[in-house]
Amino acid sequence: MIAFVSGTVAALAPTTAVIEVGGVGMAVQCAPNTLSALRIGQEARLATSLVVREDSLTLYGFADDDERQVFELLQTASGVGPRLAQAMLAVHSPDALRVAVATADEKALTAVPGIGKKGAQKLLLELKDRLGAPLGTLPAVGAPVTQSWRDQLHAALLGLGYATREADEAVTAVAPQAEAMGPAPAVGPLLRAALQTLNRTR
């Protein structure tokens, strides 16, 4: 089990950070809100969870140990794999998920891409006694985590090396898509769309 990686950020991509650890580049799958806090050339420490499959070893990275623990607990529910668990943490903080489960808030879970009404109901039942009580006070359940999608997307683009003007234009370009996704748009798909618009203009 690799509990964390610590080293210099060597590269950033829409879903991955490469952290140089002892001369080895470790590719770590991260949610946009985690990636947005990283900068190439700077030191970083990511809590990690290693997911082993027959044909792959994938390292998932998180801002702290609490996120990592919730990521692993989410996967104890049937039908939740690492990608869906990471998507849930991209939309909601660990405490927001605890509040959603504690208050049986289906709407908060259906804000996550890939979770429908029936899936949300099933998850609420299975996770009820697993996530534990919220640790602190929170914004309303279903609200974007700490930052608006615009702030998260803008920070992620700056972290990938784009100029402020380019990031501003890309955020504006994907705004209609974000509005169509509802009150809590997922930043991951928006980041991919923003990168496509930037590639077209270069």
Side-chain angles (χ1 to χ4, degrees), residues 1-77 79-98 112-114 130-132 135 144-147 149 151-164 166-167 170 186-196 198-199 202:
M1 175 67 181
I2 301 174
F4 70 89
V5 296
S6 180
T8 304
V9 180
L12 293 170
T15 60
T16 309
V18 178
I19 310 294
E20 185 178 339
V21 182
V24 177
M26 307 282 283
V28 187
Q29 297 285 317
C30 302
N33 48 330
T34 302
L35 288 170
S36 68
L38 304 178
R39 297 292 181 268
I40 293 174
Q42 294 186 4
E43 293 293 306
R45 183 187 188 278
L46 295 174
T48 56
S49 179
L50 181 64
V51 176
V52 180
R53 296 286 184 265
E54 286 185 10
D55 57 348
S56 66
L57 295 172
T58 307
L59 201 57
Y60 289 84
F62 309 92
D64 54 40
D65 291 334
D66 188 34
E67 270 193 16
R68 191 256 320 276
Q69 182 180 14
V70 170
F71 170 80
E72 293 172 349
L73 286 171
L74 290 172
Q75 292 176 75
T76 63
V80 178
R83 290 188 181 279
L84 183 55
Q86 191 174 55
M88 293 171 76
L89 285 165
V91 175
H92 299 294
S93 70
D95 247 14
L97 285 171
R98 292 187 184 102
V112 178
R130 299 183 193 179
L131 290 187
L135 303 179
V145 183
T146 60
Q147 299 173 300
W149 70 265
D151 292 336
Q152 288 187 50
L153 180 56
H154 196 272
L157 291 168
L158 293 179
L160 291 170
Y162 288 97
T164 300
E166 291 176 309
V187 177
L190 294 176
L191 180 56
R192 287 191 287 274
L195 290 170
Q196 288 172 357
L198 287 165
N199 289 336
R202 285 191 163 186

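Looking at Leu89 and Leu97, their side chains come closer than 4.5 Å, going by heavy atoms from C-beta outward. Within the 4.5 Å cutoff, no side-chain heavy atoms of Ser56 are placed close to those of Val51. Side-chain atoms of Met26 and Thr48, non-hydrogen and from C-beta on, never get closer than 4.5 Å to each other. The shortest side-chain heavy-atom distance between Met88 and Val70 does not fall under the 4.5 Å cut-off. His92 has its side chain within reach of Val112: a pair of non-hydrogen atoms, C-beta onward, lies under 4.5 Å apart. When side chains are defined from C-beta on, Cys30 counts as touching Leu46, because their heavy atoms get closer than 4.5 Å. Residues Thr16 and Val28 have side chains not in contact (no heavy-atom distance under 4.5 Å, counting atoms from C-beta outward). The shortest distance between side-chain heavy atoms of Leu74 and Leu84 does not fall below 4.5 Å.
Contact detail for Ala194 and Leu153: the closest heavy-atom pair is CB-CD1, 4.2 Å. Shortest non-hydrogen contact noted between Ala17 and Leu12 is CB-CD2, 3.8 Å. Closest heavy-atom contact between Gln86 and Ala31: NE2-N, 3.5 Å. Leu35 approaches Pro14 most closely through the heavy-atom pair CD1-O, 3.1 Å. Residues Ser49 and Glu72 approach most closely at OG-OE2, 2.9 Å, considering heavy atoms.
In Arg130, the CZ atom is crowded: over 12 heavy atoms of neighbouring residues, nucleotides or ligands sit closer than 6.0 Å.
Pairs passing the ring-ring contact (aromatic ring centres under 6.0 Å, His included) check and including a residue from residues 20-63, sequence neighbours excluded, read Tyr60-Phe71, Phe62-Phe71. Listed by first then second residue, pairs satisfying ring-ring contact (aromatic ring centres under 6.0 Å, His included) with a partner in residues 14-56 number zero, not counting sequence neighbours.
Residues passing the side-chain contact (heavy atoms from CB on, under 4.5 Å) test with Val18 are Ala10, Ala11, sequence neighbours excluded. Scanning for side-chain contact (heavy atoms from CB on, under 4.5 Å) contacts around Ser6 gives Phe4, Arg45, with sequence neighbours left out. Residues passing the side-chain contact (heavy atoms from CB on, under 4.5 Å) test with Glu43 are Thr8, sequence neighbours excluded. Residues passing the side-chain contact (heavy atoms from CB on, under 4.5 Å) test with Gln69 are Asp66, Leu73, sequence neighbours excluded.
Judged purely by atom type and a 3.5 angstrom limit, Arg68 uses its side chain to pair as donor or acceptor with the backbone of Ala3. Here the side chain of Arg39 pairs a donor or acceptor atom with the backbone of Ser36 at under 3.5 angstrom.
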Could you go through the side chain to side chain contact (heavy atoms under 4.5 Å, CB included) check for Glu67 and Thr34 one step at a time? CA-CA 10 Å; Glu67 270 193 16; Thr34 302; 3.9 Å; yes
